[in-house]
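Chain letters run A, B, ... following the sequence lines, proteins first and then strands; every chain starts at 1.
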Amino acid sequence: MTTISDTTKHLDMAASSDRARVLKSLALSDKVFAFATRAAAYAVLLLLAGIILSLIAGAWPAMKAFGFEFLITRRWAPQLEPEPVLGALAPIYGTLVSSFIAMLIAVPFGLGIAIFLTELCPHAIRRPIRLAIELLAGIPSIIYGMWGFFVLGPFLANHIEPSIVAAVANIPVLNSIFSGEMVSNLSLFNASLILAIMILPFITAIAVDVFSTVPPVLKEAAYGIGCTTWEVVNNVVLPFTRVGVVGGVMLALGRALGETMAVTFIIGNSFKISGSIFAPGTTISAAIASEFAESEGLHQSALILLGLLLFVLTFIVLASARFMLMRLEKRAGA
Amino acid sequence: MASYASRRRNSTIVMGLCLAATGIGVVWLFLILFSLLVNGIPGLTLAVFTEMTPPPGEHGGGLLNAIFGSVLMTVLGVGIGAPIGILAGTYLAEYGRHSKLTPVIRFINDILLSAPSIIIGLFVYGAVVVPMRSFSAVAGSIALAVIVIPVVVRTTEDMLLLVPNTLREAASALGLPRSFVIRRVAYRAARAGLITGVLLAVARVGGETAPLLFTVLSNQFWSANLLKPMANLPVTINNFINNPDANWKQLAWTGALLITVAVLSLNITARIFGASKDGR
């Protein structure tokens with residue numbers, strides 16, 4: 001009797017020490033895993049800090065050399081002796097104007113597609129259409145560049161733009177915006193059109209998402225008092241989702257501002273500010289992509305400073321977009 | 001108020017415009033694919049996959065070194081970025097769910113998600129290329145990893161938040177430590193979503209050009225040395241397409257076709273994977 005109880009006691013002791021060991025190793029791996037996830041999450045913060053610091057460090061010589069003048073100088077002459085003259089006005093102008101035109105084109109189209117998909121589209125073809133639009137976002141930027149350079153640019157320059165130029169030749173302001181002096185395959189407008197195609201899926205996707213947050217009851221009530229489809233969209237859906245739509249548009253604007261390869265191929269990389277949108281231009285990202293690899297010294301630092309400006313610009317746009325979308329989410333959750 | 005007929009007419013006109021917008025929006029994908037097929041298929045021979053990029057002015061040659069470099073750097077970039085992204089996403093969705101820092105990290109991550117990729121290139125140039133004093137495949141992979149991380153963080157967090165809390169509570173009630181609840185239960189429940197996220201990240205970086213331009217450069221020859229410039233498809237296309245040499249141009253179109261087909265099929269696979277989970 002005693003021997004048996006002794007044995008079980010021993011076994012118990014062995015088991016409990018095993019148990020303690022296993023629990024200890026579990027606790028250890030638990031701690032390691034928790035630490036690893038926390039470290040990875042903080043790494044995301046460090047990444048942003050690292051990007052900002054490394055850009056500032058790289059841009060510092062140019063900031064010291066040019067100061068505030070950098071923002072308002074039109075001339076870009078990296079080879080000038082003894083000192084290069086570098087100003088960001090032309091790329092900033094090109095970035096803002098090309099993104100603005102792209103938004104003018106893409107926003108109505110994107111919203112129109114979203115309205116079609118949410119209000120009119122038969123269920124069976126909704127997914128294929130969404131897929132065809134959303135896959136546009138998957139095509140690499142450089143492919144858009146090639147396509148714009150070899151297909152779209154020549155088509156626009158040969159068939160579309162001359163007739164626009166002819167049509168507005170005698171209208172005072174328009175004839176300088178659509179000036180025909182240098183219609184070419186490479187221009188600000190062609191780049192804007194490519195940008196519009198590239199950001200279209202972002203606007204469409206977000207618009208479809210926020211449109212579907214409209215409670216069906218609201219729409220049904222409007223239909224019930226005899227509203228037409230357009231009146232429902234205009235008076236119920238759009239007011240209800242305004243914040244989300246603006247957020248989605250800003251998100252797309254953030255993409256357009258920083259888009260690089262497509263624009264580099266098709267904008268012409270000319271550091272001149274021309275009143276005509278059919279003339280070549282450049283953007284911040286195109287300037288960096290086309291010149292950085294062969295740059296050095298102050299020229300390189302100026303390009304990094306351009307990058308810093310672009311980052312600040314997109315940061316502000318994207319941050320406000322996120323704030324708006326977050327506000328919408330909060331409202332939807334409440 | 002306008003008559004019912006005119007209101008109906010207005011509605012029909014606007015909806016017609018929406019239909020037209022959809023038609024025009026859908027057309028681009030097919031126009032681009034059509035151009036790629038027409039220009040790319042004539043150059044699609046076995047040599048593309050078995051021979052190196054040719055020097056200018058020569059006939060023949062292929063894209064083997066560029067394809068190899070692209071695959072290697074994508075694998076490395078995703079190999080570095082995806083685990084960090086999954087861990088960070090896990091923190092946001094599990095451990096840090098009630099931490100005050102979580103909304104901040106999520107916000108910063110969303111900004112990084114849409115940050116221009118050329119900025120990532122500049123960052124890696126300053127942080128890796130300059131200290132190492134050489135363009136290298138490692139620098140390119142790190143640039144790609146930086147792009148992968150926010151994509152994976154986002155999908156991981158979203159997918160883990162979809163896992164019902166009752167599953168976690170049941171596992172905890174059995175006495176499983178927290179990390180086991182996450183790894184054995186939450187990850188398993190969200191597996192399809194996590195894989196979708198990684199696939200989307202691969203598709204995102206597969207065609208990235210801007211961050212590679214001044215981190216890896218490119219290489220005319222076969223190289224598997226991670227510390228040296230390495231050939232890769234996007235930059236090779238970029239260098240070849242603007243060259244008057246007809247052979248180079250043909251190779252660039254074929255390379256473009258390959259990249260697009262690969263990236264789009266990954267996108268579609270990821271969608272099917274994600275959708276199959278929704279349907280279950």
Among [options], residue most engaged with chain A (heavy-atom pairs, under 4.5 Å):
| options | result |
| --- | --- |
| B:Asn242, B:Leu217, B:Thr102 | B:Asn242 |
| B:Ala252, B:Ser99, B:Ala210, B:Ser179 | B:Ser179 |
| B:Glu208, B:Arg204, B:Glu94, B:Met15 | B:Met15 |
| B:Val104, B:Leu176, B:Leu19, B:Leu36 | B:Leu19 |
| B:Ile24, B:Asn10, B:Ile259 | B:Ile24 |

Below 4.5 Å from any heavy atom of chain B, which atoms of [X] appear? Answer side chain, backbone, both or neither.
| X | value |
| --- | --- |
| A:Arg127 | side chain |
| A:Arg38 | both |
| A:Val233 | side chain |
| A:Cys121 | neither |
| A:Thr204 | neither |
| A:Leu200 | side chain |
| A:Thr314 | side chain |
| A:Ile51 | both |
| A:Val151 | side chain |
| A:Phe149 | side chain |

Of the listed residues ([options]), which shares the most heavy-atom pairs with chain B below a 4.5 Å separation?
| options | result |
| --- | --- |
| A:Ile288, A:Leu23, A:Ile115 | A:Ile288 |
| A:Leu117, A:Leu47, A:Leu55 | A:Leu47 |
| A:Ser285, A:Ala321, A:Ala34 | A:Ala34 |
| A:Gly254, A:Ala43, A:Gly50 | A:Gly50 |

Compare all side-chain heavy atoms of [X] with those of [Y] and state whether any distance is below 4.5 angstrom.
| X | Y | answer |
| --- | --- | --- |
| A:Phe33 | B:Phe180 | no |
| A:Gln300 | B:Phe214 | no |
| A:Val44 | B:Pro150 | no |
| A:Phe150 | B:Asn39 | no |
| B:Ile268 | A:Leu135 | yes |

Going by residue number, which parts of residues 232-239 of chain B are within reach of chain A, meaning a heavy-atom gap below 4.5 Å?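 So far as heavy atoms go, B:Pro234, B:Ile237, B:Asn238 are the residues that approach chain A to under 4.5 Å.
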So, does A:Ser54 use its side chain to make a donor-acceptor pair with the main chain of B:Ala127 at under 3.5 Å? no
Whether the side chain of A:Asp30 engages the backbone of B:Pro177 through a donor-acceptor N/O pair (distance < 3.5 Å, no angle test) should be reported.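 Checked: no pair found.
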With rounding to the nearest 0.5 Å, note down the distance linking [atom1] in [X] to [atom2] in [Y].
| X | Y | atom1 | atom2 | value |
| --- | --- | --- | --- | --- |
| A:Leu120 | B:Cys18 | CG | SG | 7.0 Å |
| A:Met250 | B:Ser114 | CE | OG | 12.5 Å |
| A:Ile197 | B:Leu29 | CD1 | CG | 11.0 Å |
| B:Ile111 | A:Phe311 | CD1 | CZ | 8.0 Å |
| B:Leu122 | A:Leu308 | CG | CG | 10.0 Å |
| A:Leu318 | B:Leu112 | CG | CG | 10.0 Å |

For B:Ala20, all residues meeting side chain to side chain contact (heavy atoms under 4.5 Å, CB included), sequence neighbours excluded: none
Geometric cation-pi criterion A:Arg322 and B:Phe107, 6.0 Å radius, 45° cone: no
